[in-house]
Amino acid sequence: MKKLFLSLFVISFGIGISAQKSVAQKVSELLAKMTIEEKAGQLSQLNSDWEDLTGPILQKKDEDKVALIQQGKLGSVLNVRSVAQTRMLQEYAMKSRLKIPLLFGQDVIHGFRTSFPVNIGQAASWDLGLIEKSERIAATEASAFGIHWTFAPMVDISRDPRWGRVMEGSGEDTYLGSLIGVARVKGFQGKGLGNIDAVMATAKHFAAYGAAVGGRDYNSVDMSLRQLHEIYLPPFKAAAEAGVATFMNSFNDINGIPATGSKYLQRDLLKNKWGFKGFVVSDWGSVIEMVNHGFAKDKTDASLKAILAGSDMDMESRAYIESLPQLVKDGKVDIKIIDDAVRRVLTKKFELGLFDDPFKFCNDERQKQQTNNAEHRKFGREFGAKSVVLIKNETQILPLSKSTKTVALIGPFGKETVANHGFWSVPFNDDKERIITQFDGIKNQLDKSSTLLYAKGCNVDDQDRSMFEEAVETAKKADVVIMTLGEGHDMSGEAKSRSNIHFSGVQEELLKEIHKTGKPIILMINAGRPLVFDWASDNIPTIIYTWWLGTEAGNSIADVIFGTANPGGKLPMSFPRTEGQIPVYYNHYNTGRPAAKSTDRNYVSAYIDLDNDPKYPFGFGLSYTDFSYSDFKLSSESLTANQTLTVNVTITNKGNFDGEEVAQLYIRDLVGKVVRPVKELKGFQKIFLKKGESKTLTFKLSPESLKFYDDDLNYDWEEGEFDIMIGTNSNDVQTKRIYWRK
Ligand code: BGC
């Protein structure tokens, strides 16, 4: 039996190697035939100008790109998204000398045909299974539209809600962000490249893009290598270990070097130390932008620095196409460097199966099937509801009775369509018809005998108060007012940094006017980032945070409002009290003068005019029901190096609804050779409990979870005391102390 097993193992292992070899061999054979111009082409990606999805295919547009494709001087095109268009371009590629198929890339960030909650909202679900499934669906739909490659997941950690791209990430925490990143990679790549419904994923933006100074997009980053390794790099490393096919570098300079020109990041760390075998694509024009950074003197110099640093593919700069051949001819770039980059790109094309059939993803039937998939929408509706965070429900007005006689929906987002899609949605011509508005969602679930009134009240971001009166009159007629406020879907996203993250325009004034009517208000906040809504927090007893929820937004929202779904989302970022508090994050250091209470002011690390703690802490979120934590037990208070700590806690649903809770486990390493955060998330479990039900959860903690980077970047743990904390959010925990011996 053993022998049989061994020989089977040898055979299958042998097949594995020879299959691998054969791709490697095929790549080598192809490489040997390629001119340097063709190689430079494989390392170049250009944007498509074939944007119009339903109009005629614009064959004549941008002849230059068509010519490049036909000459075999372009490896990839981004933003082509339909079978017809990808087929057309691939046909051009098949006219080239070596018939190397094109790769089609697209930002599939929070869904494709079916859009899902913006990523920070997804993260608020703390539900890795749902997140993975959403990417599986996105990949299935995108691949049916001819797409091979998505520029996602964005795994940038950010502690700065001024930065507009927090909407695309998983928030402030490295542990949560790493797990979500891996779930997304798995979702996109499915059973592996080569399957018809798998797309290549991209871990981006490498690296530390989310730490832009002042929260201003594209801005510089300067931080210790220790912090880089501890906070910002782990999600990238986790994605690499999960087999992500590609990486994208970032626009920012970091510690004085543009990431695109960073050999340390791309070659030394990613490729050599982490052993990453895929390829690195630049961000849009980031190669040529090294001239603006003052790091390269011209396009040629930028190409030289980028390729030497390990940026394999140039997105949109046209720097590689134009400069690499000459750089090689002049002896400035060793052909081996080029060959390594081309090999990485070609390997992926082979793995996708494009050499066997370049038109593999051009299947009209599949595209039709995935154009309006009811199952996907159903999932989107559930996922939307799971992303909602209940911030306040003091008067228990939620869930709202469907028989409430007159409800008024007031605010600029009530009848919005495409806004619900969120910033990174992929536009389709029928968007307006297929997106469920908040008004329609609520209307469909209210009893037939009830009335839903609507008033816009104001615009998102101007000073126009002319609609106030109508809104106030509408509110007066209602028993309950649902106010839908926030920031426009296009106010968070790329290049959408904000210095002021309060409600924009006159929205807060409108809220105050409606408040004066004395009508009960349910405030619904739409946003792609944590907003500051202090007046509302202090005056409105009922608040739900809905982010932007996607195609099914209106239904998801109505499910939450009327209680078909009980919200269980938890904030993946701390919500500041005001902008001056930014960055505010839960895993800060204690400092030499910690404020014992968040309100302490006197000669401690504090503001003289503001509390230290955030308005809402990381991990916070309520439910229509109540959970209690009891019987918090540790397997031991004194452990040795080869032991595992078992943590038990019992959670009871003592309220009146079934619901979900995310139990969070934090640790604190009390003394270290470098200072350690006051809390670090090390585990969480999301559980469903029927009303009255109790469950005991078990967490395991090994010394691996205690490791950190010291000043010399050694990654290890130290003997000593640790606090073990468990609770419903980062602020509300029970603590026990242990000693862990080495
Ligand atoms: C963004 C990337 C994106 C790329 C292609 C850039 O501006 O930073 O995240 O993938 O454009 O659309």
Side-chain angles (χ1 to χ4, degrees), residues 42 44-59 61-62 65-66 68-70 74-96 99-109 111-115 135-152 187-202 245-246 281 313 315-316 345-346 348-373 376 424-431:
Q42 282 308 305
S44 299
Q45 180 186 57
L46 291 175
N47 189 40
S48 111
D49 287 331
W50 298 274
E51 287 280 350
D52 190 345
L53 289 175
T54 51
I57 294 173
L58 304 169
Q59 310 242 6
K61 212 171 166 193
D62 211 342
K65 285 178 199 168
V66 173
L68 286 174
I69 297 170
Q70 288 177 335
L74 194 61
S76 177
V77 181
L78 77 150
N79 289 330
V80 239
R81 41 174 179 264
S82 71
V83 164
Q85 294 185 24
T86 53
R87 184 186 285 130
M88 174 186 83
L89 296 192
Q90 206 64 294
E91 274 165 3
Y92 292 136
M94 291 305 110
K95 291 188 182 143
S96 67
K99 302 190 180 357
I100 302 177
L102 287 167
L103 267 183
F104 299 117
Q106 171 77 44
D107 292 287
V108 180
I109 309 286
F112 185 71
R113 270 293 295 185
T114 315
S115 67
E135 304 302 23
R136 192 80 292 287
I137 289 174
T140 304
E141 293 183 353
S143 60
F145 278 67
I147 292 160
H148 308 137
W149 177 18
T150 173
F151 306 125
F188 284 130
Q189 298 188 171
K191 295 211 172 84
L193 303 188
N195 286 287
I196 190 71
D197 59 359
V199 297
M200 296 200 296
T202 308
T246 71
V281 63
M313 184 182 276
M315 180 193 286
E316 198 54 21
V345 173
L346 293 179
K348 292 298 162 208
K349 292 188 176 183
F350 272 107
E351 286 174 8
L352 283 163
L354 292 176
F355 281 97
D356 298 328
D357 177 6
F359 300 98
K360 180 173 166 182
F361 296 88
C362 300
N363 179 325
D364 294 291
E365 198 42 46
R366 271 194 77 220
Q367 176 171 288
K368 219 160 103 201
Q369 279 165 13
Q370 297 304 336
T371 293
N372 226 345
N373 185 314
H376 296 176
W424 277 108
S425 58
V426 182
F428 289 93
N429 291 325
D430 57 351
D431 280 348

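Residues L89 and V80 meet the side-chain proximity criterion, which asks for heavy atoms closer than 4.5 Å. Under the 4.5 Å side-chain criterion, counting only non-hydrogen atoms from C-beta, T140 is in contact with Q370. The shortest distance between side-chain heavy atoms of L352 and K360 does not fall below 4.5 Å. Residues I147 and E141 fail the side-chain proximity criterion, which asks for heavy atoms closer than 4.5 Å. Looking at Q85 and N79, their side chains never come closer than 4.5 Å, going by heavy atoms from C-beta outward.
With sequence neighbours excluded, the residues forming a ring pair (Phe, Tyr, Trp, His ring centres under 6.0 Å) with F151 are W149, listed by chain and number.
In terms of heavy-atom proximity, Q189 sits nearest to A245 at OE1-N, 2.9 Å. What you find for G111 and V426 is that their closest heavy atoms are O-CG2, 4.3 Å. Of all the heavy atoms in V108 and A138, the pair that sits closest is CG1-CB, 3.8 Å. Closest non-hydrogen pair, L102 versus L354, comes out as O-CD1, 3.8 Å. Considering every non-hydrogen atom in both A93 and I100, the closest pair reads CB-O, 3.8 Å. Heavy-atom minimum distance, Q90 versus P358: NE2-O, 3.2 Å.
Between the S76 side chain and the Q45 main chain, no donor and acceptor come within less than 3.5 Å of each other. K65 places a side-chain N or O within donor-acceptor distance of the main-chain N or O of N47, the cut-off being under 3.5 Å. At distances below 3.5 Å, at least one donor-acceptor pair connects side-chain atoms of Q367 with backbone N or O atoms of V83. Remark: the backbone N or O of G75 is paired with a side-chain donor or acceptor of K349 at under 3.5 angstrom. Between the S425 side chain and the F112 main chain, no donor and acceptor come within less than 3.5 Å of each other. Put simply, the side chain of E351 never gets that close to the backbone of L193: no donor and acceptor are under 3.5 Å apart. Within the 3.5 Å criterion, the main-chain N or O of T150 finds a donor-acceptor partner in the side chain of T202. In this structure a side-chain-to-backbone donor-acceptor pair under 3.5 Å is present from N195 to G192.
In this structure, K99 places its NZ atom where more than 12 heavy-atom neighbours from other residues, nucleotides or ligands lie under 6.0 Å away.
Atom-to-atom distance recorded for S44:OG and M315:CE is 12.0 Å, nearest 0.5 angstrom. Remark: K191 NZ to I196 CD1 distance equals 13.5 Å, nearest 0.5 Å. Taken from OH in Y92 to CD1 in I69, the straight-line distance is 8.0 Å, to the nearest 0.5 Å. A distance of 8.5 Å separates CG in L78 from CG in L46, rounded to the nearest 0.5 Å. Taken to the nearest 0.5 Å, the NE2 atom of H148 stands 9.5 Å off from the OG atom of S143.
Ion pairing of D364 with R87 is present here, as a side-chain N (NZ or NE/NH1/NH2) and a carboxylate O approach within less than 4.0 Å.
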### Task
Report the C-alpha separation of R81 and S48 in whole Å, then their side-chain angles, then the decisive distance to 0.1 Å, and conclude whether the side chain to side chain donor-acceptor pair (under 3.5 Å) test is met.
CA-CA 10 Å; R81 41 174 179 264; S48 111; over 6 Å; no

### Task
List the steps, then state whether side chain to side chain contact (heavy atoms under 4.5 Å, CB included) holds for F145 with R113.
CA-CA 10 Å; F145 278 67; R113 270 293 295 185; 3.8 Å; yes

### Message
Could you go through K348 and M200, starting from their C-alpha distance and side-chain angles, then the distance that decides it, and tell me whether this counts as side chain to side chain contact (heavy atoms under 4.5 Å, CB included)?
### Response
CA-CA 9 Å; K348 292 298 162 208; M200 296 200 296; 3.7 Å; yes

### Message
Pair E91, K95 - check side chain to side chain contact (heavy atoms under 4.5 Å, CB included), show working.
### Response
CA-CA 7 Å; E91 274 165 3; K95 291 188 182 143; 5.8 Å; no

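Screening F361, F355, F359 for a side chain to side chain contact (heavy atoms under 4.5 Å, CB included) with P101, the sole residue that qualifies is F355.
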